[in-house]
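A short worksheet on the structure shown next.
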Amino acid sequence: ASRVGGRRLAVADEPRLEAEAVAETRGWVELHAWLVRSRGWTPLHHLEQLTAARASSLLRAGASVRAPAASGSGAASGAVTPLERA
(Lines give C-alpha, C1' and ligand atoms only; values in the text may rest on other atoms or scores of the structure.)
Protein backbone atom coordinates (compact mmCIF):
# COMPACT_ATOMS: atom_id res chain seq x y z
CA ALA A 1 0.00 0.00 0.00
CA SER A 2 1.18 3.48 -0.72
CA ARG A 3 1.15 6.52 1.54
CA VAL A 4 -2.46 7.12 0.51
CA GLY A 5 -3.57 3.51 0.70
CA GLY A 6 -2.86 2.56 -2.90
CA ARG A 7 -2.07 -1.01 -3.80
CA ARG A 8 0.66 -2.45 -5.97
CA LEU A 9 -1.82 -4.08 -8.29
CA ALA A 10 -1.87 -2.80 -11.83
CA VAL A 11 -5.01 -2.18 -13.78
CA ALA A 12 -3.62 -3.48 -17.03
CA ASP A 13 -4.59 -6.00 -19.66
CA GLU A 14 -4.97 -8.65 -16.99
CA PRO A 15 -6.99 -7.77 -13.88
CA ARG A 16 -5.22 -8.15 -10.54
CA LEU A 17 -1.77 -8.41 -12.14
CA GLU A 18 0.90 -7.15 -9.75
CA ALA A 19 2.81 -4.00 -10.63
CA GLU A 20 6.16 -5.77 -10.23
CA ALA A 21 5.17 -8.37 -12.81
CA VAL A 22 3.94 -5.71 -15.24
CA ALA A 23 7.16 -3.69 -14.88
CA GLU A 24 9.31 -6.77 -15.35
CA THR A 25 7.32 -8.10 -18.31
CA ARG A 26 7.36 -4.76 -20.10
CA GLY A 27 11.07 -4.21 -19.50
CA TRP A 28 10.70 -1.25 -17.17
CA VAL A 29 13.93 -2.08 -15.36
CA GLU A 30 14.21 0.97 -13.10
CA LEU A 31 10.57 0.83 -12.03
CA HIS A 32 10.81 -2.90 -11.33
CA ALA A 33 13.96 -2.40 -9.24
CA TRP A 34 12.28 0.36 -7.21
CA LEU A 35 9.15 -1.75 -6.62
CA VAL A 36 11.30 -4.64 -5.37
CA ARG A 37 13.46 -2.35 -3.23
CA SER A 38 10.45 -0.65 -1.65
CA ARG A 39 8.47 -3.76 -0.67
CA GLY A 40 7.10 -3.42 2.83
CA TRP A 41 7.98 0.24 3.24
CA THR A 42 5.93 2.27 5.67
CA PRO A 43 4.48 5.64 4.60
CA LEU A 44 7.43 7.35 6.31
CA HIS A 45 9.85 5.49 4.03
CA HIS A 46 8.47 7.63 1.18
CA LEU A 47 9.79 10.82 2.79
CA GLU A 48 10.69 12.51 -0.49
CA GLN A 49 7.01 12.30 -1.50
CA LEU A 50 5.61 13.64 1.79
CA THR A 51 4.90 17.21 2.72
CA ALA A 52 6.39 18.41 6.00
CA ALA A 53 2.88 18.48 7.46
CA ARG A 54 2.21 14.86 6.45
CA ALA A 55 5.58 13.69 7.82
CA SER A 56 4.87 15.51 11.11
CA SER A 57 1.43 13.95 11.25
CA LEU A 58 2.87 10.46 10.76
CA LEU A 59 5.46 11.04 13.47
CA ARG A 60 2.84 12.38 15.90
CA ALA A 61 0.74 9.29 15.17
CA GLY A 62 3.62 7.02 16.19
CA ALA A 63 5.54 6.35 12.98
CA SER A 64 9.18 5.64 13.74
CA VAL A 65 12.17 6.85 11.74
CA ARG A 66 13.92 3.68 12.93
CA ALA A 67 11.22 1.24 11.75
CA PRO A 68 12.62 -1.14 9.15
CA ALA A 69 10.56 -2.23 6.17
CA ALA A 70 7.95 -4.83 7.10
CA SER A 71 9.50 -8.17 7.93
CA GLY A 72 9.06 -10.76 5.26
CA SER A 73 8.69 -8.08 2.63
CA GLY A 74 11.43 -9.63 0.54
CA ALA A 75 13.16 -6.35 -0.15
CA ALA A 76 16.25 -7.10 -2.17
CA SER A 77 18.42 -4.50 -0.49
CA GLY A 78 17.50 -5.40 3.08
CA ALA A 79 15.28 -3.79 5.65
CA VAL A 80 16.18 -0.12 5.46
CA THR A 81 14.70 2.42 7.87
CA PRO A 82 13.24 5.82 6.93
CA LEU A 83 16.17 7.44 8.78
CA GLU A 84 18.67 5.52 6.66
CA ARG A 85 16.85 6.64 3.52
CA ALA A 86 16.91 10.26 4.63
Side-chain angles (χ1 to χ4, degrees):
S2 75
R3 67 185 175 99
V4 293
R7 297 179 162 250
R8 289 174 172 245
L9 298 176
V11 180
D13 301 333
E14 299 179 41
R16 311 263 322 146
L17 190 61
E18 291 189 12
E20 283 183 33
V22 171
E24 184 174 37
T25 300
R26 296 192 179 176
W28 300 336
V29 178
E30 290 179 27
L31 175 59
H32 181 261
W34 181 85
L35 288 167
V36 170
R37 189 172 55 250
S38 64
R39 288 179 193 154
W41 281 8
T42 67
L44 201 53
H45 279 86
H46 298 278
L47 186 59
E48 67 275 10
Q49 301 300 320
L50 302 176
T51 64
R54 177 67 176 138
S56 294
S57 175
L58 289 168
L59 291 167
R60 280 192 306 274
S64 173
V65 296
R66 291 184 172 79
S71 62
S73 63
S77 62
V80 65
T81 69
L83 184 61
E84 291 167 332
R85 291 206 65 242

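Note: hydrogens, waters and symmetry copies are ignored here, and every other heavy atom, side chains too, is used.
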Could you list the donor-acceptor pairs under 3.5 angstrom formed by side chains in residues 79-86, with sequence neighbours left out?
{"unit_1": "Thr81", "atom_1": "OG1", "unit_2": "Leu83", "atom_2": "N", "d": "3.4"}
{"unit_1": "Thr81", "atom_1": "OG1", "unit_2": "Glu84", "atom_2": "N", "d": "3.0"}
{"unit_1": "Thr81", "atom_1": "OG1", "unit_2": "Glu84", "atom_2": "OE1", "d": "3.4"}
{"unit_1": "Glu84", "atom_1": "OE1", "unit_2": "Thr81", "atom_2": "N", "d": "2.8"}
{"unit_1": "Arg85", "atom_1": "NH1", "unit_2": "His45", "atom_2": "O", "d": "2.3"}
{"unit_1": "Arg85", "atom_1": "NH1", "unit_2": "Glu48", "atom_2": "OE1", "d": "3.1"}
{"unit_1": "Arg85", "atom_1": "NH2", "unit_2": "Glu48", "atom_2": "OE2", "d": "3.4"}

(message) So, taking the atom named CZ in Arg54 and the one named CG in Leu47, what distance separates them when rounded to the nearest 0.5 Å?
(response)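 Reported to 0.5 Å precision, the distance equals 12.0 Å.
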(request) Find the distance between CG (Leu35) and CD (Glu18) and round it off to the nearest 0.5 Å. (result) 10.0 Å
Could you go through residues 55-68 and list every donor-acceptor pair under 3.5 Å that involves a side-chain atom there, pairing it with any protein atom two or more places apart or in another chain?
{"unit_1": "Ser56", "atom_1": "OG", "unit_2": "Ala52", "atom_2": "O", "d": "3.0"}
{"unit_1": "Ser64", "atom_1": "OG", "unit_2": "Arg66", "atom_2": "N", "d": "3.0"}

(request) If the plane angle is over 60° it's perpendicular, under 30° parallel, otherwise tilted; pick one for His46 and Trp34. (result) tilted
